[in-house]
Number of protein chains: 2
Amino acid sequence: MLRITKQSDYAIVLMTHITSSEDRWLNASELATQAGLPQPIVSKILKLLTRGRLLESQRGVKGGYCLARSAARITVAEIIEALEGPISVTECVEESPGECTQEAFCPVRGNWQRINHVLRDALSEITLEEMARPSTPALVTLGSREMAPDVTAR
Amino acid sequence: MLRITKQSDYAIVLMTHITSSEDRWLNASELATQAGLPQPIVSKILKLLTRGRLLESQRGVKGGYCLARSAARITVAEIIEALEGPISVTECVEESPGECTQEAFCPVRGNWQRINHVLRDALSEITLEEMARPSTPALVTLGSREMAPDVTAR
DNA sequence: TTAAATCGGACCACAGCGGTCCTGTTTTCT
DNA sequence: AGAAAACAGGACCGCTGTGGTCCGATTTAA
């Protein structure tokens, strides 16, 4: 568990295909064929990616999709968030007071905030360009990131 | 999204309560009161944690639960896995061939494996002892961990 | 004008999650 | 021995969200 949705998974595959042939506009059915996915799903996902400003779309006969910016400047986190909304591990997050069985006596709250940041930043470190390379050399190093302002050495 | 389930969330809260009073056996209704959660849910979660070898249980009148080992040697990842099964971000994982729209031409597969490991290891680094401390000093440093055997500097 | 494509929805089946409850079994206390 | 207190192990169910399909409207090129 702790899964991303299937559609997010598909989205990343589709984005890598678009990255690979980044010269021309690809339409939904071309991409569906390339990825081996049903065309209606592909259309749905491409629409969401366009809404999330990760793709640009061109309507009409010679229309299709292409990246809104370079693959090096698109992150896995952005793709997931375009499909699923903000990444957060727990519900207890982002200032929704009056939820957590009343007050903030909950001991784990602050810690979850940090964990959220770490995981989100981990996925923000991975670019589409890296995902598009089959056997990526420098991926998810994650090194020496510190979340808490008062972090001490372990 | 990318959420853990509510029950995993509850589980961690319950585990921190057990950690705080680690001298005696706490029963389900005591813990339910402490955490402000309905007692049936608490019972269900405690059973799963016991199955996952994170708690030890004592039946009978003076029964209850206590930690199976010290809080410093129980990780957040273990708690989540006791409730939800193995942590994996994507379905495409763990050698299930003949799934991924046939063959392993999928370009992102290898990369997801690494991301899975990074997130799982991140949650494996955080101990229950750290979660039990309200404002944890040294949490989720995650520094200088390398997943791929051929990682190069960025 | 027509055809090809995206856009924006509505729509539905189904699995999984959240939550309750019931019947055993074990243990302690009287 | 018997009763009460607690865990063990399920069955069960409502509901949300996901996966997936489809349709009409709009845009664009030929």
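Within every chain, numbering begins at 1; the chains are lettered A, B, ... in the order of the sequence lines, protein sequences first and strands thereafter. All of these numbers come straight from a predicted model, not from anything done at the bench.
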Inset, instruction - If a protein heavy atom is under 4.0 Å from the base, mark B; if only from the sugar-phosphate, S; if neither, -; do that for nucleotides 23-30 of chain D going 5' to 3'. - result: ---BBBB-
Inset, instruction - Check B:W25 against B:E56 and note the closest heavy-atom contact, atom names and distance. - result: CZ3-O, 3.4 Å
Legend entry - Under 4.0 angstrom between A:S43 side-chain N/O and C:dC7 OP1 or OP2: no
Legend entry - B:E91 CD to C:dG16 C1', straight-line distance once rounded to whole Å: 13 Å
Legend entry - Earlier contact from the 5' end, DNA chain C, for B:K6 and A:L46: A:L46
Inset, instruction - May I ask you to verify if any side-chain N or O of B:R51 is less than 4.0 angstrom from the OP1 or OP2 atom of D:dG9? - result: yes
Legend entry - Identified side-chain contact (heavy atoms from CB on, under 4.5 Å) partner of B:L2 from the options A:I87, A:T5, A:N116: A:I87
Inset, instruction - To the nearest Å, give me how far apart CD1 (B:I45) and C1' (C:dT20) are. - result: 13 Å
Inset, instruction - Check the distance between C:dT6's P and A:E30's CD and give it to me in whole angstrom. - result: 9 Å
Legend entry - Atom-pair distance (CG on B:L83; P on C:dC17), nearest Å: 11 Å
Legend entry - Residue-phosphate contact under 4.0 Å: A:Y10 side-chain N/O, D:dG19 OP1/OP2: no
Legend entry - Distance in angstrom units between A:M1 CE and C:dG18 P, rounded: 11 Å
Inset, instruction - Look at the side-chain N and O atoms of A:S57 and state whether any lies under 4.0 Å from the OP1 or OP2 oxygen of C:dC7. - result: yes
Legend entry - Donor-acceptor pair, side chain of B:R3 and main chain of A:S88, under 3.5 angstrom: yes
Legend entry - Between C1' of C:dT26 and CH2 of B:W25, the distance in whole Å: 13 Å
Legend entry - For atom NZ of B:K44 and atom P of C:dC22, their distance in whole Å: 15 Å
Inset, instruction - Give a yes or no on whether B:L48 and B:L14 share a hydrophobic cluster (residues Ile, Leu, Val, Met, Phe, Trp, Tyr; joining criterion: side-chain heavy atoms under 4.5 Å apart). - result: yes
Legend entry - Polar side-chain atom of A:D121 near backbone of A:S124 as donor-acceptor pair, under 3.5 Å: no
Legend entry - d(CD1, A:I41; P, D:dT18) in whole Å: 13 Å
Inset, instruction - Only counting residues at least two apart or in another chain, list the ones meeting side-chain contact (heavy atoms from CB on, under 4.5 Å) with A:R69. - result: A:L54, A:R73, A:I74, A:E78
Legend entry - Listed once per pair and sorted, the side chain to side chain donor-acceptor pair (under 3.5 Å) pairs that draw on residues 58-67 of chain B, sequence neighbours left out: none
